[in-house]
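Presented below is the structure to which this report refers.
Keep in mind that what you see is a predicted model, and the values were worked out from it rather than measured.
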Amino acid sequence: MNQSPILSLCIPTYNRANILEKTISRIVSCRSFDSDVELVISDNCSTDNTRQVCEHFAAMYDNVKYYCNEKNTLDYNFIQVLNRGKGQYLKLLNDWCYPTEEGLAIMKRFLLNNKDRNIPVFFTSGWARAKKKQFIECSNLDDYIKEISVMVTFNNLFGTWKSDWDSLKNKERFTSLKLLQVDWTYGIVGHKGALLCNERILELAPEMRKVVRQGYNYFQVMFNNYYAIMQTYVEQGFIKSSTVELDKKHFLQHFRPELFQVLICHYGKYWNYDTTGTWQLLFNDYKYKPYFYVYILMLPFQWLFHASIRDFGR
């Protein structure tokens, strides 16, 4: 195996051995999973059979690396798994997400073609607002937010050249906000800008759709914490206030399915996050925005025509 593979797929995991096993199996079965790619798994001291699953694959493949923390380090495990990657590019993945056969080949090819450019790279899997563009170049962080918006909160969007990761300071400062990847992305993009590969490269494990999603106050994290992090970059001059206001409109558009369930009709069988105070949280910020009231009135119709129950698995 090469001393420095072009790509490290970095998976933090905890107590999801059955789903993780299928995810790993799908990754290692890709023809493009070769010596230019490594799979790094950081187990947050699971109490199920995660160790046995990972050690099985690590024994079969030299480029599957398994690490187990001595104790559960909560969100700090995201830092640990990226620190353990040896590749020139570190790609964060949930344990229920994996690159498709073609997606892995696209990532490798894109990285090889751009590794000598001094620009951050992100694989959006088609999530950028400019849907029809295959490649998008953002000149600065303000442009990046206009393209990616709240999708930056999704772990599967984060990736970075190892050199940028190693240079990033104070990585753990927003650990309590559960959105470390937002701060990392903003810090890396800054004034350097970013190059987005907007091709679809990832799939979500179908098994995850039957797992109950829960664990924290969803909109407190996705709204309050997200904009708290963004505000620190507004104060530093990286983001315009007008971009924040535009992004808040995008926020409502993106979370149609979740807000429909929380505000109008609670029926999610597998989506059971704490949503206490969501009405008040939104009203505090949008009460002087006429478009908010139009949005609430139209929400049932928007959901019917533009969303589906499957989106609750996002």
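A perpendicular orientation is assigned to the rings of Y218 and W271, their planes being inclined by more than 60° (bins at 30° and 60°).
Atom CG of residue L259 and atom CG of residue L263 lie 5.0 Å apart, to the nearest 0.5 angstrom.
Side chain to side chain, T73 and Q80 meet the donor-acceptor criterion of an N or O pair below 3.5 Å. Of the N and O atoms on the side chains of S8 and E38, at least one donor lies less than 3.5 Å from an acceptor on the other residue. In this model, no donor atom of one side chain and acceptor atom of the other lie less than 3.5 Å apart for S163 and D166. One side chain, R84 or S42, offers a donor N or O that lies under 3.5 Å from an acceptor on the other.
H254 places none of its side-chain heavy atoms less than 4.5 Å from the side chain of S149. For the pair R173/N170, a side-chain contact is recorded, criterion being any heavy-atom separation below 4.5 Å from C-beta on. Residues K65 and I41 fail the side-chain proximity criterion, which asks for heavy atoms closer than 4.5 Å.
Considering every non-hydrogen atom in both S29 and E101, the closest pair reads O-OE1, 4.1 Å. For the residue pair L177 and N225, the shortest heavy atom distance occurs at O-ND2, 3.0 Å. When all heavy atoms of L299 and R256 are compared, the pair lying nearest together is CD1-O, 4.0 Å. The minimum heavy-atom distance linking D34 with N63 is given by the pair O-ND2, 3.0 Å. The two atoms that bring K240 and D142 nearest to each other are N-OD1, 2.8 Å, heavy atoms only.
You'll find the ring centres of Y186 and W184 outside the 6.0 Å limit. Taking the six-membered ring for Trp and the full ring otherwise, F135 and F110 have centroids separated by under 6.0 Å. In this structure, the ring of Y286 has its center no less than 6.0 angstrom from the ring center of Y295.
For the pair K248 and Y227, the cation-pi criterion (under 6.0 Å, within 45° of the ring axis) is fulfilled. Geometrically, R26 does not engage W96 in a cation-pi contact, judged by NZ or CZ lying under 6.0 Å from the ring centre and within 45° of the ring axis. For the pair K91 and F123, the cation-pi test (distance below 6.0 Å, angle within 45°) is failed.
Each of V182, T175, D183 was checked for a side chain to side chain contact (heavy atoms under 4.5 Å, CB included) with L179, and the lone residue meeting it is V182. The only option from F238, Y144, Y233 that meets the ring pair (Phe, Tyr, Trp, His ring centres under 6.0 Å) definition with H191 turns out to be F238.
The pair R117-E137 meets the salt-bridge criterion, with a side-chain N (NZ, NE, NH1 or NH2) lying under 4.0 Å from an Asp/Glu carboxylate O.
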task: Under the side chain to side chain contact (heavy atoms under 4.5 Å, CB included) rule, what do F57 and S25 come out as? Steps first, then yes or no, please.
output: CA-CA 8 Å; F57 285 102; S25 181; 4.1 Å; yes
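Under a 3.5 Å cut-off, the side chain of Y89 and the backbone N or O of V121 do form a donor-acceptor pair. Checked by atom type and distance alone, the side chain of N198 pairs as donor or acceptor with a backbone atom of A130 at under 3.5 Å.
No more than 12 heavy atoms of other residues, nucleotides or ligands sit less than 6.0 Å from atom CG of N118.
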